[in-house]
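Contents: one structure, followed by commentary.
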Protein chains: 2
Amino acid sequence: MLPAAKPKRRHVEMLAAAAKVFARRGYHGASTQDIADVLGIRQASLYYYFHSKEAALEAVCTVGVEDYAKHAQAIAGQRVSAADKVAQLVFRHLAPLAERQDYTIVFLRERRFLPPPARERIRAIERRYERLIERIIRQGIDGGEFRADLDARLATLALLGLGNSAAAWYGREPGVTLERITRDYVDLLVRAFRKGAAPVYSLEPSRRRA
Amino acid sequence: MLPAAKPKRRHVEMLAAAAKVFARRGYHGASTQDIADVLGIRQASLYYYFHSKEAALEAVCTVGVEDYAKHAQAIAGQRVSAADKVAQLVFRHLAPLAERQDYTIVFLRERRFLPPPARERIRAIERRYERLIERIIRQGIDGGEFRADLDARLATLALLGLGNSAAAWYGREPGVTLERITRDYVDLLVRAFRKGAAPVYSLEPSRRRA
DNA sequence: ACTCCTCTCTATTGATCTATAGAATGGTAG
DNA sequence: CTACCATTCTATAGATCAATAGAGAGGAGT
């Protein structure tokens with residue numbers, strides 16, 4: 001039977017070891033020996049659990065991405081304000097960093113190295129997640145809660161960019177807790193999305209060349 | 001004489017080839033053969049230009065990062081509003097994507113694979129850039145232009161996260177020009193930073209577990 | 001014609017890495 | 001005691017890759 005089909009106790013440890021190593025050294029920079037070292041077993045013993053290094057990468061990426069779309073779907077169905085939904089989206093986007101940062105990092109950085117079929121499977125989940133966010137923002141605009149001139153696509157990319165960037169530095173910024181990031185980023189996004197006076201600034205740095 | 005010391009015509013082509021290959025396949029996923037293929041020369045011929053693959057990575061990363069701190073310094077010295085400075089920071093941060101996206105991507109994703117001495121050199125430039133941004137934001141707060149409860153560190157990370165995320169998808173989002181990203185992201189940040197009524201939303205998704 | 005100098009070549013070494021084959025270990029149940 | 005199963009082992013094949021050594025080609029200047 002294929003090991004990937006029955007997730008037992010040791011399989012979970014394997015996955016965690018792979019996530020840790022891939023997150024620290026990158027997929028191509030990590031050797032199967034590195035993963036084996038974490039588990040205290042021989043390099044060849046890994047192949048009892050995975051068909052290939054690529055399969056291990058897909059397994060880690062899947063854990064890294066799977067819950068996002070699910071939660072976004074649940075949030076989209078609620079009957080609350082768009083601002084509330086954005087708040088919950090950010091909360092759910094950042095929450096995995098507490099316990100699964102390695103998986104998140106690997107998903108974000110290494111998914112592009114997946115072989116085409118696996119990459120497409122992961123991409124499908126991503127796309128669903130992005131569309132759900134974009135729809136929530138668009139509904140906020142259409143409902144008059146968010147600015148009419150807000151670009152839903154760019155707003156979505158902003159939310160994702162902001163959330164994903166936290167994965168890169170969370171844990172290395174002294175004193176910055178998940179709660180604070182969530183609060184501040186939600187605040188930042190909702191302030192930027194809601195109706196209000198247009199800010200005044202000169203976009204073109206006119207006194208500088210080019 | 002060390003090739004890296006005198007940047008001639010072909011050296012620039014080499015660097016561009018390395019940037020392109022590192023950006024697409026990642027540093028560890030790219031072989032020196034891949035770079036040689038882009039240039040139409042043999043793998044071993046590369047070593048006329050670089051001592052090592054790592055040296056090529058440092059050269060690419062240096063190009064990718066060097067101008068940011070320089071421009072930020074110039075912006076910090078101007079006598080304009082903090083919002084104007086933020087606008088110029090974002091503009092200068094995104095501008096390199098037009099002509100040097102590969103270098104930017106490699107700097108962002110692959111700099112962590114540099115050997116410690118080179119990594120420290122790159123890090124020093126980064127740190128200077130971050131401090132300049134943070135100081136500009138802090139001055140906006142102290143001057144009463146930005147919200148008093150704005151966290152300057154998190155605001156800096158937000159600006160960087162937003163700007164850096166664009167490097168990942170710029171060119172693959174149909175119809176999204178650099179001008180539009182700059183305008184929208186500046187708008188987003190300035191709206192979020194300036195004084196204004198606190199938004200209303202429920203941070204805790206109370207009807208969901210955990 | 002001779003000499004640099006720049007650039008590229010051929011040929012190869014040695015290290016590293018994924019993956020396979022098949023044996024050994026140890027626990028558990030009949 | 002024996003059979004079975006899950007897990008880890010040894011040993012190695014086969015491929016890829018960074019890097020070195022040293023030769024050759026061709027242009028510019030003298």
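Keep in mind the model is a prediction, meaning the values are calculated, not measured. When reading the values below, keep in mind they use all heavy atoms of this one structure, side chains included, and skip hydrogens, waters and symmetry mates. Order of the sequence lines fixes the chain letters, A, B, ..., with proteins taken first and strands second; residue numbering starts at 1 for each chain.
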Any [X] side-chain N or O less than 4.0 Å from OP1/OP2 of [N]:
X      : N       : result
Y48(B) : dT8(C)  : no
Y49(B) : dT8(C)  : yes
R42(B) : dA11(C) : no
S45(A) : dC9(D)  : yes

Among pairs that include at least one residue of [range], which meet salt bridge (charged side-chain N to carboxylate O under 4.0 Å, His left out), considering only residues two or more places apart or in two chains?
range                       : result
residues 154-168 of chain A : none
residues 159-177 of chain A : E173(A)-R153(B)
residues 14-29 of chain B   : R24(B)-D102(B), R25(B)-D34(B)

Does a side-chain N-to-carboxylate-O contact under 4.0 Å join E120(B) and R127(B)? yes
Restricting both atoms to N or O, compile the protein contacts to nucleotides 14-18 of chain D shorter than 3.5 Å, with distance only.
| residue | atom | partner | partner atom | Å |
| --- | --- | --- | --- | --- |
| dA18(D) | OP1 | A30(B) | O | 3.3 |
| dA18(D) | OP1 | T32(B) | N | 3.4 |
| dA18(D) | OP1 | K53(B) | NZ | 3.0 |
| dA18(D) | OP2 | T32(B) | N | 2.8 |
| dA18(D) | OP2 | T32(B) | OG1 | 2.7 |

Given salt bridge (charged side-chain N to carboxylate O under 4.0 Å, His left out), test R119(A) with E58(A) step by step and report yes or no. CA-CA 8 Å; R119(A) 191 154 130 234; E58(A) 182 178 3; over 6 Å; no
Please check this pair: side chain of Q139(A) against backbone of A82(A), looking for a donor-acceptor N/O pair closer than 3.5 Å. no
Ignoring hydrogens and geometry, is there a side-chain-to-backbone donor-acceptor pair from K85(A) to I133(A) under 3.5 Å? no
Between L157(A) and S165(B), is a side-chain contact (heavy atoms from CB on, under 4.5 Å) present by the stated rule, with each step listed? CA-CA 8 Å; L157(A) 291 168; S165(B) 71; over 6 Å; no
Using atom [atom1] of [X] as one end and atom [atom2] of [N] as the other, report the distance to the nearest whole Å.
X      : N       : atom1 : atom2 : answer
L46(A) : dT18(C) : CG    : P     : 10 Å
H51(A) : dT18(C) : NE2   : C1'   : 15 Å
H11(B) : dC5(C)  : NE2   : P     : 16 Å
D37(B) : dT8(C)  : CG    : C1'   : 15 Å
E13(A) : dT8(D)  : CD    : C1'   : 14 Å

Taking every heavy atom of L154(A) against every heavy atom of R180(B), the minimum-distance pair comes out as CD1-O, 4.0 Å
Counting only heavy atoms and a strict 4.0 angstrom limit, can you tell me which residues of residues 18-26 of chain A come near DNA chain D?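 Per residue number, the list is empty: none.
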Look at the rings of Y129(A) and Y68(A) and say which category their plane angle falls in: under 30° parallel, 30 to 60° tilted, over 60° perpendicular. tilted
Would you call Q88(B) and H71(B) a side-chain contact if the rule is heavy atoms closer than 4.5 Å? no
Are there any protein N/O atoms within less than 3.5 Å of an N/O atom in nucleotides 23-29 of chain C, and if so, which ones and at what distance?
none

